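Working notes, structure below.
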Amino acid sequence: MADSRRYRVGYALLPKKQQSFIQDSLVSLCRDRGIDLVPIDLRRPLIDQGPFDCLLHKLYGDDWSRQLDDFRRYYPDATVIDSPESISRLHNRISMLQVRIHVVVSVVAARFGIPKQIVIYDKETLSDSRSWDLLKFPVIAKPLIADGSAKSHKMSLIFNHDGLDKLKPPIVLQEFVNHGGVIFKVYVVGDYVQCVKRKSLPDVIPGSISSESSMPFSQVSNITTPQRNNDDDDDDDMMQLDGTEMPPQSFVVDLARGLRSATKLHLFNFDVIRDSTRENKYLVIDINYFPGYAKMPGYERVLIDFLWDVVSERKRTTVDQMAVAAVTTTAAGGNRPAAAAVGVEENGVSPRQQVMLGCEDEAVRNIAVTNSGCSTSTDNCIDGEDQKEKSPILQV
Ligand SMILES: Nc1ncnc2c1ncn2[C@@H]1O[C@H](COP(=O)(O)OP(=O)(O)OP(=O)(O)O)[C@@H](O)[C@H]1O
Ligand SMILES: O=P(O)(O)O[C@H]1[C@H](OP(=O)(O)O)[C@@H](OP(=O)(O)O)[C@@H](O)[C@@H](O)[C@@H]1OP(=O)(O)O
């Protein structure tokens with residue numbers, strides 16, 4: 001029997017986001033499906049604007065969190081996507097990549113990790129070479145806070161020690177990993193996963209002399225198609241993108257599912273690079289909440305299907321059960337080591353494995369009490385195997 005009920009989905013977004021995400025095509029397709037998208041008036045209390053079957057939001061701050069709490073108390077049946085607690089984990093570039101990923105991998109010929117990185121909280125530590133002498137230059141300096149502000153996207157590629165002088169802690173120093181100038185952006189919308197290729201920073205040629213000690217940059221991978229004025233450069237960029245092989249789809253899906261379970265988020269994307277020096281080694285470098293979905297081909301259909309699943313009671317239960325099942329499955333793999341790399345067995349087929357990316361809880365506590373934390377690894381990245389052998393944090 002057709003469901004003739006209409007559903008109300010409220011959205012609380014900043015004007016820029018609203019403009020890019022709430023397109024006429026999305027609104028009208030939703031309407032045809034029985035879903036009314038309702039803008040939240042940010043000048044009025046949220047609680048006065050309900051009821052909603054579902055609430056989408058990308059706003060931060062204590063006041064907004066309080067409003068959401070009130071809303072959830074008053075409308076316990078409404079689904080809030082996503083919880084501020086889960087989202088806030090992505091606002092710090094250390095906790096962002098410390099999420100444990102419980103990935104159940106079926107058949108995958110790829111491994112993953114995160115780049116080797118340290119966090120520096122003050123100038124004094126920055127000027128002490130012992131803080132960063134475990135890192136190999138070049139490194140990328142990223143603001144520790146990733147709250148979506150223009151400042152949080154301002155990065156620098158640092159070629160040598162002199163380049164560190166201009167930095168303003170708190171910052172994360174992350175080893176730059178050559179990856180062929182192409183990044184993989186994986187968009188996640190509930191169960192749906194789509195991987196696209198984007199232009200990234202070019203490789204740094206070992207031994208090449210740069211006259212500068214650092215190079216600032218911002219939001220390189222947000223450019224969907226080449227947006228420079230020179231046609232030849234555009235053609236080169238397109239050829240480079242076209243010629244880059246995608247990561248195995250099953251690997252991307254498993255990674256996405258693991259991240260979803262670990263972050264408890266439904267709407268996010270993550271950036272992955274393929275290490276040019278190590279075969280089939282992928283590094284997760286960034287996770288973004290509620291990214292620019294309008295840049296994802298066919299985004300309207302994907303979002304509508306997701307919203308429909310959320311608002312219709314049957315699926316709401318299933319989504320919750322799935323999240324529980326994912327955690328239960330990984331917990332049940334008790335004879336696996338706490339941290340293991342996704343790898344290929346000799347016959348080229350991995351068994352179903354539990355893998356984990358990120359630091360142990362102990363490590364999180366260490367970070368809170370030291371000025372810098374460093375993942376120990378002899379290589380340029382941290383993966384499950386490294387963590388199994390060594391403490392993931394080096395106190396400096
Ligand atoms: N460890 C790394 N090695 C090589 N390149 C990197 C590394 N980290 C970041 N990059 C490059 O720098 C860009 C920006 O990095 P990152 O994604 O961390 O910044 P961001 O401001 O959070 O990005 P976004 O705009 O997606 O939110 C990446 O898209 C990639 O091109
Ligand atoms: O708006 P855009 O399309 O540029 O989306 C970008 C989004 O900006 P917005 O949320 O202000 O819109 C960014 O969010 P903040 O980190 O700044 O919060 C971040 O998620 C980027 O990764 C998105 O780009 P994408 O990864 O999809 O290419």
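Just so you know, these numbers come straight off a predicted model, no measurement behind them. Each ligand, and each atom within it, is numbered from 1 in the order the structure gives. Just the heavy atoms: all of them, side chains too, but no hydrogens, waters or symmetry mates, feed the values below.
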Take Trp308 and Val310 through the test side chain to side chain contact (heavy atoms under 4.5 Å, CB included) and record every step on the way to the result.
-> CA-CA 5 Å; Trp308 177 256; Val310 170; over 6 Å; no
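- Residue-level proximity to ligand 1 for Lys154 is absent, since no heavy atom of it falls below 4.0 angstrom.
- Across the listed options Lys142, Arg198, Met96, Lys142 owns the non-hydrogen atom lying nearest to atom 18 (O) of ligand 1.
- Of the heavy atoms in Gln174, only side-chain atoms (C-beta onward) come closer than 4.0 Å to ligand 1.
- Near Ile183, the atoms of ligand 1 lying under 4.0 angstrom from a non-hydrogen atom of the residue are 28 (C), 29 (O), 30 (C).
- Taking every non-hydrogen atom of Pro115 and a distance limit under 4.0 Å, the qualifying atoms of ligand 1 come out as 1 (N).
- Screening Arg31, Arg5, Arg6 against Asp36 for a salt bridge (charged side-chain N to carboxylate O under 4.0 Å, His left out) leaves a single residue, Arg6.
- Between Pro291 and ligand 2, no N or O atom pair is found at a separation short of 3.5 Å.
- Closest heavy-atom approach to atom 13 (C) of ligand 2 within the set Lys16, His91, Lys58, Gln19: this belongs to Lys58.
- Of all the heavy atoms of Asn269, the ones lying under 4.0 Å from any atom of ligand 2 belong exclusively to the side chain.
- By the criterion of a heavy-atom distance under 4.0 Å, both the backbone and the side chain of Ser200 are placed next to ligand 1.
- Below 4.0 Å from some heavy atom of Ile140 lie the following atoms of ligand 1, by number and element: 2 (C), 5 (N), 6 (C), 7 (C), 8 (N), 9 (C), 10 (N).
- For ligand 2 and Lys185, the ligand atoms under 4.0 Å from any heavy atom of the residue are 22 (O), 25 (P), 26 (O), 28 (O).
- Counted by atom type alone, Tyr289 and Asp82 present one or more donor-acceptor pairs between their side chains at under 3.5 Å.
- At least one N/O-N/O distance between Val177 and ligand 1 falls below 3.5 Å.
- For Arg93, every heavy-atom contact with ligand 1 shorter than 4.0 Å involves the side chain, none the backbone.
- By the 30° and 60° cut-offs, the orientation of the rings of Trp64 relative to His57 is tilted.
- Ring centers of Tyr187 and Tyr299: at least 6.0 Å apart, outside the cut-off.
- Not close to ligand 1: Gln117, with no non-hydrogen atom less than 4.0 angstrom away.
- At least one heavy atom of Glu175 lies less than 4.0 angstrom from ligand 1.
- Between Trp132 and His161, the angle of the ring planes lies from 30° to 60°, which puts this pair in the tilted group.
- Between the side chains of Asp122 and Thr125, a donor-acceptor pair is found at a separation under 3.5 Å.
- Under 4.0 angstrom from ligand 1, the non-hydrogen atoms of Ile273 all belong to its side chain.
- Listed by number with element, the atoms of ligand 1 under 4.0 angstrom from any heavy atom of Lys185 are 26 (O).
- Only side-chain heavy atoms of Tyr187 come within less than 4.0 Å of ligand 2; its backbone N, CA, C and O stay farther off.
- The atoms of ligand 2 that sit less than 4.0 Å from any heavy atom of His153 are 15 (P), 16 (O), 17 (O).
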